[in-house]
Amino acid sequence: MHNIKDIRDNFDKFKNIIKSRNTNIDFDQLIELDIKNRKLIHEKETLEKEKKEISKKNDKSLFDRSKKISEKIINISKDQNLIKSKLDLLLSSIPNIALEDVPIGDDESSNKEVLKSGTINKFDFKPKSHYELGEKLDMLDFELATKTTGSRFVFVKDKLALLERALANFMLDIHTIKNGYKEISPPLMANNLSMFGTGQLPKFENDQFEVKIDEKSGRKFLIPTAEVILTNMVREQIISSKDLPIRLVALTPCFRKEAGSYGKDTKGIIRQHQFYKVELVSIVENDKCIDELERMTNCATMILDKLKLPYRKVILSTGDMGFSAEKTYDIEVWLPSENKFREISSCSSCGTFQSRRMKARYKNKNNETEFVGTLNGSGLAVGRTLIAVLENYQNSDGSINIPDVLKPYMNNLEKISNI
RNA sequence: GGAGAGAUGGCUGAGCGGUUGAAAGCACCGGUCUUGAAAACCGGCAAAGGGGCAACUCUUUCCUGGGUUCGAAUCCCAGUCUCUCCGCCA
């Protein structure tokens with residue numbers, strides 16, 4: 001969430017910058033509401049001051065006057081609250097501003113590749129897709145999931161279930177032991193305040209699964225990513241700068257409606273309503289965001305390096321970035337069956353955009369209170385890593401070799417086959 | 001599910017109708033002292049919002065929302081959350 005003061009002071013500049021973020025914000029209305037709001041605040045405060053003075057004097061002859069003032073204040077407050085909530089709704093629907101080195105563009109075609117790593121395996125046969133391989137092994141079962149649940153769900157069975165678990169454990173070990181992240185096993189549901197804090201609400205409510213506990217309890221949502229719950233751990237807190245940075249990692253299922261992507265990636269497990277992801281979150285002093293983003297992205301690519309999977313790293317363009325991000329690196333892994341790179345991780349710095357929404361602050365060296373910087377990144381999406389291993393490590397007979405680093409996690413199994 | 005207790009500043013914790021935005025301690029920042037550090041002493045230190053170029057100033061805020069009152073952290077009502085005991089249970 002942006003500071004209305006900043007918008008007011010740099011109105012034209014701000015308006016232009018937001019244009020590149022693919023949104024339609026009624027800036028005229030925003031300014032109008034801001035002016036009305038401040039006018040009402042001023043009126044209210046003038047009356048409040050008078051009332052306060054009367055109360056201090058403790059003079060009975062003035063008590064009637066005070067009563068009248070109270071009525072006026074109530075009326076003005078009502079108007080002001082209405083205006084303020086309209087203003088807040090508008091304000092909370094404005095996306096973050098991109099950093100200067102982010103390419104400007106409407107969509108993914110403007111993304112900029114910054115790194116390519118690993119060698120692409122040349123197959124002397126036509127490589128199969130992960131779902132062909134998985135179904136042939138009888139270890140990915142879509143029909144069964146359709147029966148028990150519905151589309152965009154899957155059963156992962158037998159050695160592939162083990163492989164999935166091995167991947168998750170391997171990632172967690174790297175991030176906790178090598179990269180200094182603290183492991184968290186969080187709630188998989190978040191309340192509406194948390195969802196607002198990281199930016200899923202109010203704008204993206206349609207993508208979320210809402211869960212009802214009972215009539216009385218507040219709104220709850222299945223987390224679309226652990227980012228929501230990990231980042232909100234510091235909501236409404238003032239942290240001492242010596243406790244920063246905070247680096248957290250969690251393995252959780254993620255739940256997404258994938259509204260608006262009907263017909264996209266319908267085959268396989270690329271796009272599911274439920275998937276495992278290892279998520280990294282950093283809470284840092286707000287001037288450290290850029291460095292932390294590089295660090296976090298390296299932590300994510302480290303996993304692919306160790307798995308010996310070829311990948312590339314791209315900076316997302318302004319039109320392709322998420323709502324809360326100021327800069328995002330996508331890491332894309334090579335999928336032989338599609339003959340292209342597909343997203344496997346997304347690492348974003350949100351600057352102070354989320355912390356303003358969450359009121360998450362810290363005391364800086366001068367003992368001043370400032371908003372923290374927040375970052376999040378996948379390290380990595382487990383389901384998609386499973387795809388990448390299947391496709392890149394496949395043999396012509398449909399069996400799958402196990403990457404060396406995973407063997408200790410799989411009882412030293414060398415190969416997955418259905419024999 | 002039954003019965004109680006509680007929610008105050010970054011933290012701990014006093015206050016229970018009127019100079020209380022709030023004692024005290026801790027933490028933190030600045031200074032004196034010290035070769036340096038520690039200790040000791042002195043001073044500072046809540047947040048949000050409005051106005052002002054600024055110094056500064058005004059308003060609000062003691063869980064949330066209502067109410068009583070000229071006046072509420074303090075009294076009343078409702079809700080949320082936390083803790084303790086009993087029951088049930090993975």
Side-chain angles (χ1 to χ4, degrees), chain A residues 1-11 30-92 185-197 211-221 229 232-246 283-286 352-373:
Chain A
M1 184 129 93
H2 298 288
N3 189 345
I4 182 75
K5 268 188 198 166
D6 296 343
I7 300 180
R8 203 187 292 150
D9 294 345
N10 307 291
F11 185 63
L30 188 77
I31 283 301
E32 198 183 307
L33 288 169
D34 178 43
I35 291 169
K36 269 192 197 163
N37 181 45
R38 283 186 293 154
K39 185 174 160 260
L40 290 170
I41 287 172
H42 184 74
E43 283 176 27
K44 191 175 80 172
E45 288 188 353
T46 311
L47 290 168
E48 276 167 345
K49 197 185 170 191
E50 194 185 337
K51 190 179 160 184
K52 209 175 178 179
E53 275 160 9
I54 290 174
S55 156
K56 269 190 185 162
K57 279 181 190 153
N58 204 352
D59 175 351
K60 277 191 179 163
S61 67
L62 295 171
F63 288 176
D64 275 352
R65 169 80 189 142
S66 179
K67 273 192 170 177
K68 281 193 184 115
I69 293 174
S70 295
E71 279 170 36
K72 273 192 200 168
I73 291 176
I74 287 170
N75 283 328
I76 295 175
S77 293
K78 269 184 199 158
D79 292 349
Q80 194 253 329
N81 285 340
L82 196 73
I83 299 284
K84 182 70 169 36
S85 59
K86 278 187 191 167
L87 182 64
D88 282 344
L89 183 65
L90 205 55
L91 211 52
S92 60
S185 174
L188 302 180
M189 292 186 204
N191 61 25
N192 50 337
L193 276 177
S194 296
M195 295 290 278
F196 178 85
V211 176
K212 199 171 200 171
I213 293 184
D214 59 42
E215 296 300 331
K216 278 168 89 182
S217 60
R219 301 182 76 184
K220 307 247 185 305
F221 298 85
I229 208 95
N232 275 282
M233 283 168 70
V234 297
R235 172 153 54 85
E236 287 155 46
Q237 270 203 297
I238 301 183
I239 304 157
S240 170
S241 63
K242 68 170 187 285
D243 293 328
L244 297 176
I246 297 171
I283 312 293
V284 301
E285 293 173 90
N286 57 34
T352 59
F353 186 83
Q354 292 179 324
S355 60
R356 287 175 194 283
R357 296 170 85 95
M358 294 192 299
K359 297 187 177 60
R361 293 156 295 178
Y362 72 104
K363 294 272 189 192
N364 68 14
K365 290 163 211 81
N366 301 322
N367 217 25
E368 296 157 335
T369 310
E370 286 194 67
F371 288 105
V372 298

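Order of the sequence lines sets the chain letters (A, B, ...), proteins ahead of strands, with each chain counted from 1. Keep in mind the model is a prediction, meaning the values are calculated, not measured.
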> Between B/rG51 atom P and A/Ile4 atom CD1, what is the distance in whole Å?
Replying inline: 11 Å
>> Any strand counts, and the cut-off is 3.5 Å on both contacts for Watson-Crick or G-U wobble. Which nucleotide pairs with B/rG71?
In response: none
> Got a donor-acceptor pair under 3.5 Å from the side chain of A/Glu45 to the base of B/rG49?
Replying inline: yes
>> Categorize A/Lys51 for me: base, sugar-phosphate, or nothing, with a 4.0 angstrom heavy-atom threshold over every strand shown.
In response: sugar-phosphate
>> If we check side chain to side chain contact (heavy atoms under 4.5 Å, CB included) with A/Glu48, which of these qualifies: A/Lys51, A/Lys52, A/Glu50, A/Lys44?
In response: A/Lys44
> Taking CZ from A/Arg361 and P from B/rG10, how many angstroms apart are they, rounded to a whole number?
Replying inline: 7 Å
> Taking atom types as modelled, is there a side-chain donor on A/Arg235 or A/Ser194 under 3.5 Å from an acceptor on the other?
Replying inline: yes
> Please give, in whole Å, the distance from B/rU69 C1' to A/Ile69 CD1?
Replying inline: 15 Å
> Can you tell if the side chain of A/Glu45 reaches within under 4.5 Å of the side chain of A/His42, non-hydrogen atoms only?
Replying inline: no
>> Check A/Lys84 with A/Asp88, please: is the shortest side-chain N to carboxylate O separation under 4.0 Å?
In response: yes
> Which base sits across from B/rA55 as a Watson-Crick or G-U pair, both distances under 3.5 Å?
Replying inline: none
> Given the C1' atoms of B/rG71 and B/rG17, what is the spacing between them in whole Å?
Replying inline: 8 Å
>> Measuring only the P atom in each nucleotide, how far is B/rA22 from B/rA27? A whole number of Å is fine.
In response: 23 Å
> When you check the phosphate oxygens OP1 and OP2 of B/rC70, does a side-chain N or O of A/Lys52 lie under 4.0 Å from one of them?
Replying inline: no
>> Please name the nucleotide paired to B/rU84 by Watson-Crick or G-U wobble geometry with both distances under 3.5 Å, or report none.
In response: B/rA3
> When the distance from CG of A/Asp34 to C1' of B/rG50 is rounded to whole Å, what number comes out?
Replying inline: 11 Å
> Say you pick atom C1' in B/rU60 and the same atom in B/rG1; how far apart are they, in whole Å?
Replying inline: 41 Å
>> Nearest to the side chain of A/Lys49, heavy atoms from C-beta on, is which of B/rG49, B/rG18, B/rC58?
In response: B/rC58
> Taking C-beta and beyond as the side chain, do A/Leu30 and A/Ile4 meet within less than 4.5 Å on heavy atoms?
Replying inline: yes
>> Can you measure A/Lys363 atom NZ to B/rA46 atom C1' for me and round it to whole angstrom units?
In response: 7 Å
>> Can you tell me the base-pairing partner of B/rU64? Count Watson-Crick or G-U wobble geometry only, both distances below 3.5 Å, and say none if there is no partner.
In response: B/rA78
> Less than 4.5 Å apart, any side-chain heavy atom of A/Ile7 and any of A/Asp34?
Replying inline: no
>> So A/Ser66, base contact, sugar-phosphate only, or nothing? Heavy-atom distance under 4.0 Å.
In response: sugar-phosphate
> In whole Å, what separates the C1' atom of B/rG18 from that of B/rC75?
Replying inline: 14 Å
> On RNA chain B, nearest-nucleotide positions of A/Ser240 versus A/Thr369: which is more 5'?
Replying inline: A/Ser240
> So which nucleotide does B/rG36 pair with, by the Watson-Crick or G-U wobble rule with both distances under 3.5 Å?
Replying inline: none
> Does a salt bridge link A/Glu71 with A/Lys67, judged by any charged N lying under 4.0 Å from a carboxylate O?
Replying inline: no
>> I'd like the C1' distance from B/rC76 over to B/rU69, given in whole Å.
In response: 12 Å
>> If I take atom CZ in residue A/Arg38 and atom P in nucleotide B/rU60, what distance separates them, rounded to the nearest angstrom?
In response: 20 Å
> B/rC11 pairs with which nucleotide, Watson-Crick or G-U wobble, both distances below 3.5 Å?
Replying inline: B/rG25
>> Between C1' on B/rA48 and CZ on A/Arg356, what's the gap in Å once rounded to a whole number?
In response: 13 Å
> How far, in whole Å, is B/rC42 from B/rC33 if one measures between their C1' atoms?
Replying inline: 11 Å
> When all nucleic acid strands are considered with a 4.0 Å heavy-atom cut-off, which category describes A/Arg8: base, sugar-phosphate, or nothing?
Replying inline: sugar-phosphate
>> Suppose you measure atom C1' in B/rA39 against the same atom in B/rG31; what distance do you get, rounded to whole Å?
In response: 16 Å
> Could you state the NZ-P distance from A/Lys44 to B/rU59, rounded to the nearest angstrom?
Replying inline: 13 Å
> Paired with B/rC45: which nucleotide, if any, by Watson-Crick or G-U wobble criteria at under 3.5 Å for both distances?
Replying inline: none
> Can you find a side chain N or O atom of A/Lys5 that sits less than 4.0 Å from OP1 or OP2 on B/rG50?
Replying inline: yes
> Closest nucleotide of RNA chain B for A/Glu48 versus for A/Ile54: which of these residues is on the 5' side?
Replying inline: A/Glu48
>> Rounding to an integer number of angstrom, what distance separates B/rG44 and B/rA23 when you compare their P atoms?
In response: 12 Å
